[in-house]
A.B. asks: 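What follows is a structure written as structure tokens; I'll ask about it next.
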Amino acid sequence: MNQALQTLIDRGFVKACTDYDALSALMDEGPVTLYVGVDPTGSSLHIGHMVPFFAMHHLQKAGHNLIALVGGGTAMIGDPSGKSEMRKMLTIEQIRENSASIKDQIGTVIDFNGGEGMGTAVMHNNADWLLDLNYITFLREIGRHFSVNRMLTFESYKQRLERGLSFVEFNYQLLQSYDFHILHQKEGCRLQIGGDDQWGNIVSGIDLIRKLGGEQCFGLTFNLITRADGHKMGKSEKGAVFLDPALYSPYDFYQYWRNVNDEDVVRFLKLFTFLPLDQIARYEGEGADINEAKELLAWEQTKIIHGKDEADKARSAAQALFSTDAGISTENREGMPSITVERSELEQGIGVLDLFSRTDLAKTNSEARRLVTGGGAWVGQQRIDDPRSTIDLSFLDEAGEILLRAGKKRYFRIVIV
RNA sequence: GGAGAGGUUCCCGAGUGGCCAAAGGGAGCAGACUGUAAAUCUGCCGGUUAUACCUUCGAAGGUUCGAAUCCUUCUCUCUCCA
């Protein structure tokens, strides 16, 4: 088996392949150009979106060439795969903006600038060829190769048939197949990768290329990443774990990984870090230091996405906060989410409820009240259980700040100006 | 085009004139236990200037002392027929 392909299998990415042997042989021959589709319907990706890119990272290092295809054209239609509702349509302008920020985020895992011994990486947008399509021409040249009977047997369409599926969405498969065809023609792309839910679309693309007289192409799908508790990967209590630091702070990002289930740690280390497998193997089996593994996972992952500085900050903040009574220096507070409060305002005293609801710890006054009466609100080392309490200068700590805490793990820093 | 069923709080889902801010479950938050894990148990779970008031049961009107519940129109979804 080809080395790079084997790496993906060993790290737990691979779910299925259209032809392992032939693909392996092709990859042995030399660099292969492959692509993955990216959905530009949001301004930020979340970690669940990143799986194919982590896989691509390994492939790029092995010298293969990558294409990230932004679905600027298809996003204007919507993808039925696994979606229970029709997506809202976006303007071209929105899609362009989203694509730009998404490229930056993908760039943390694969290298668009290439490098010594590495494959190249580029981004394309299928709007470039989809928007100009002529309906009749498309039907004549592409549409005639598709069988509705066959399409209806696909699981993703079956589900949608129960709930309703619009004609535009039904066409998605043709467009994605067409994308593959175009990339094959123009860029010599031979392989499409994607989530397990893309299997049908990928296979259709391969068939289309063959029918149009192209080379044999391949599909490789990845496991849908699940969590031991059955939640969707990348979703947290707060919603999706976005990569954009403005939407999900690096500190919280670190915490998300620090708090994964025991059963998930090793699997995630393989998928979401670049650590060599023999190093990860140490954490397998009974008796392994599971907490050390989680810390490593959180740090590595934060480093990859947000950079080493942020990862260090998040880690030292976390260590200070969770270790017994170690002082919390100003330095290791930096990674924490914070707001500022005027000194003069604090002199007058601010109601606890007011203060908490200004932070992300409580969205509303009522929520803050619940937190306080429930015994989960802390100011510094002091538990506040009276909702009428006011917080004033006497609560300032050695660093001249106030640390709010909700429950055991959620911290917020109040900086005085 | 015709007939029927239905739209309830984050999700599922009860509720068919006052006892409804609306059962139950899930999710979530907090407390206990722990390892910043899981499981379990307990409390909370629309908003506010908080023993009261305000906004919510697809939308707009109407009946009534009183409507998520009754009537009218509109709208969306689903099923069956053509």
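In what follows, every heavy atom counts, from backbone to side chain, and hydrogens, waters and symmetry copies are set aside. A, B, ... follow the sequence lines: proteins, then strands. Residue 1 opens every chain.
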A.B. asks: Could you please name the partner base of B:U64, counting Watson-Crick and G-U wobble pairs only when both distances are under 3.5 Å?
C.D. replies: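 B:U64 is paired with nothing.
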A.B. asks: Report the nucleotide, chosen from B:G31, B:G35, B:U48, that has the shortest atom-to-atom distance to any side-chain atom of A:Arg383.
C.D. replies: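 Shortest atom-to-atom distance from the side chain points to B:G31.
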A.B. asks: Taking atom C1' in both B:A14 and B:U69, compute the distance separating them and give it to the nearest angstrom.
C.D. replies: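 About 13 Å, rounded to a whole number of Å.
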A.B. asks: A:Arg410 has an atom CZ; how far is it from atom C1' of B:A30, in whole Å?
C.D. replies: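 After rounding, the reported distance stands at 9 Å.
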A.B. asks: Roughly how many Å is it from CD in A:Gln255 to P in B:A37, rounded to a whole number?
C.D. replies: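 So the CD-P distance, A:Gln255 to B:A37, works out to 10 Å.
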A.B. asks: For A:Glu295 and B:U36, what is the distance between atoms CD and C1' respectively, to the nearest whole Å?
C.D. replies: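 Spelled out: CD on A:Glu295 to C1' on B:U36 is 10 Å.
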A.B. asks: If the test is side-chain contact (heavy atoms from CB on, under 4.5 Å), which one of A:Ile402, A:Thr340, A:Ile391 qualifies with A:Ile414?
C.D. replies: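 Option passing the side-chain contact (heavy atoms from CB on, under 4.5 Å) with A:Ile414: A:Ile402.
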A.B. asks: Taking the C1' atom of each, how far is B:G15 from B:U9, in whole Å?
C.D. replies: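 Straight-line distance between the two C1' atoms is 13 Å.
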A.B. asks: Phosphate oxygens OP1/OP2 of B:A37: is one of them under 4.0 Å from a side-chain N or O of A:Lys409?
C.D. replies: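 Yes, because at least one side-chain N or O of A:Lys409 sits under 4.0 Å from OP1 or OP2 of B:A37.
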A.B. asks: Paired with B:U79 by Watson-Crick or G-U wobble geometry, both distances under 3.5 Å: which nucleotide is it?
C.D. replies: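 Looking at the geometry, B:U79 pairs with B:A3.
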A.B. asks: Tell me if the side-chain of A:Ser366 makes a donor-acceptor pair with the base of B:A50, cut-off 3.5 Å, by modelled atom types.
C.D. replies: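 Per atom types, the contact qualifies.
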A.B. asks: Between P on B:A37 and CG on A:Asn261, what's the gap in Å once rounded to a whole number?
C.D. replies: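 Rounded to the whole Å, the gap is 10 Å.
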A.B. asks: Sticking with atom C1', work out how far B:U48 lies from B:A59, rounded to a whole angstrom.
C.D. replies: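 One C1' to the other, the span is 27 Å.
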A.B. asks: Quick one: on RNA chain B, does A:Asn365 or A:Glu263 contact a more 5' nucleotide (nearest heavy atom)?
C.D. replies: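 Its nearest nucleotide lies further toward 5', so the answer is A:Glu263.
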A.B. asks: State whether A:Arg358 and A:Asp354 are salt-bridged, where the test is any N-O pair (Lys NZ or Arg NE/NH1/NH2 against Asp/Glu carboxylate O) under 4.0 Å.
C.D. replies: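 A salt bridge links A:Arg358 with A:Asp354.
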A.B. asks: Roughly, in whole Å, what's the span from CG in A:Leu371 to P in B:C29?
C.D. replies: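 After rounding, the reported distance stands at 12 Å.
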A.B. asks: Over 60° means perpendicular and under 30° means parallel, so classify the ring planes of A:Tyr178 and A:His181, tilted if in between.
C.D. replies: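 It falls in the tilted class, 30° to 60°.
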A.B. asks: Can you tell me the pairing partner of B:G24 across any strand shown, Watson-Crick or G-U wobble, with both distances under 3.5 angstrom?
C.D. replies: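 Checking every strand shown, B:G24 finds its partner in B:C12, with both distances under 3.5 Å.
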A.B. asks: For atom C1', what is the distance between B:C76 and B:C65, given to the nearest Å?
C.D. replies: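 The answer is 34 Å between these two C1' atoms.
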A.B. asks: Give me the distance, rounded to whole Å, that separates B:G24 from B:U42 when you measure between the P atoms they each carry.
C.D. replies: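 The same atom, P, in both gives a distance of 14 Å.
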A.B. asks: Does this structure show an ion pair linking A:Arg410 with A:Asp252, if we count only N-O contacts that are shorter than 4.0 Å?
C.D. replies: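 Salt bridge between A:Arg410 and A:Asp252, a charged N being under 4.0 Å from a carboxylate O: no.
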A.B. asks: Testing A:Pro337, A:Ser338, A:Pro245 for side-chain contact (heavy atoms from CB on, under 4.5 Å) with A:Tyr251, which one passes?
C.D. replies: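 Result: among A:Pro337, A:Ser338, A:Pro245, A:Pro337 is the only option passing the side-chain contact (heavy atoms from CB on, under 4.5 Å) with A:Tyr251.
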A.B. asks: Determine which nucleotide pairs with B:C41, using a 3.5 Å limit on both distances of a Watson-Crick or G-U wobble pair.
C.D. replies: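 When the pairing criteria are applied, B:G31 turns out to be the nucleotide that pairs with B:C41.
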A.B. asks: Taking atom P of B:A21 as reference, at what distance in whole Å does atom CZ of A:Arg370 sit?
C.D. replies: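 Atom-to-atom, A:Arg370 to B:A21, this comes out as 18 Å.
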A.B. asks: Syn versus anti for B:U51, judged by chi lying within 90° of 0?
C.D. replies: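 B:U51: syn glycosidic orientation.
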A.B. asks: Between B:U48, B:A37, B:C44, which nucleotide has the shortest distance from any of its atoms to the side chain of A:Asp262?
C.D. replies: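 Among the listed nucleotides, the one closest to the side chain of A:Asp262 is B:A37.
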A.B. asks: Roughly how far apart, to the nearest Å, are B:C11 and B:A27 at atom P?
C.D. replies: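 Each nucleotide's P atom is 16 Å from the other's.
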A.B. asks: A:Leu353 CG to B:G47 C1': how many Å, rounded?
C.D. replies: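 So the CG-C1' distance, A:Leu353 to B:G47, works out to 14 Å.
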A.B. asks: Expressed in whole Å, how much space separates the C1' atoms belonging to B:C71 and B:A67?
C.D. replies: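 It comes out at 12 Å once rounded to the nearest Å.
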A.B. asks: Round to the nearest Å and state the distance from A:Lys363 atom NZ to B:A30 atom P.
C.D. replies: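 Roughly 11 Å, once rounded to whole Å.
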A.B. asks: Can you tell me the Watson-Crick or wobble partner of B:U49, both distances under 3.5 angstrom?
C.D. replies: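 Across any shown strand, B:U49 pairs with none.
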A.B. asks: Give one of base, sugar-phosphate or nothing for A:Ala362, where a contact means two heavy atoms less than 4.0 Å apart.
C.D. replies: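 Here A:Ala362 touches no strand at all.
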A.B. asks: Provide the distance between the two C1' atoms, one in B:A82 and one in B:U64, to the nearest whole Å.
C.D. replies: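 43 Å, rounded to whole Å.
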A.B. asks: Once you apply a heavy-atom cut-off of 4.0 Å, does A:Thr364 come out as touching a base, just sugar-phosphate, or nothing?
C.D. replies: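 Since only primed, P, OP1 and OP2 atoms lie under 4.0 Å of A:Thr364, the category is sugar-phosphate.
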A.B. asks: Looking at B:G35, B:G47, B:A50, which one has an atom nearest to any side-chain atom of A:Ile290?
C.D. replies: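 Per side-chain heavy atoms of A:Ile290, the pick is B:G35.
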A.B. asks: Closest-nucleotide mapping onto RNA chain B: is A:Trp378 or A:Lys408 further toward the 5' terminus? I mean the 5' end.
C.D. replies: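 Between the two, 5'-proximity favours A:Trp378.
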A.B. asks: Output yes when A:Glu300 and A:Lys294 qualify as a salt bridge under the 4.0 Å nitrogen-oxygen rule, no when they do not.
C.D. replies: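 Looking at A:Glu300 and A:Lys294, the cut-off is not met.
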A.B. asks: For the atom pair CZ (A:Phe112) and CD (A:Gln60), what is the distance rounded to the nearest 0.5 Å?
C.D. replies: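 Nearest 0.5 Å value for the CZ-CD distance: 8.5 Å.
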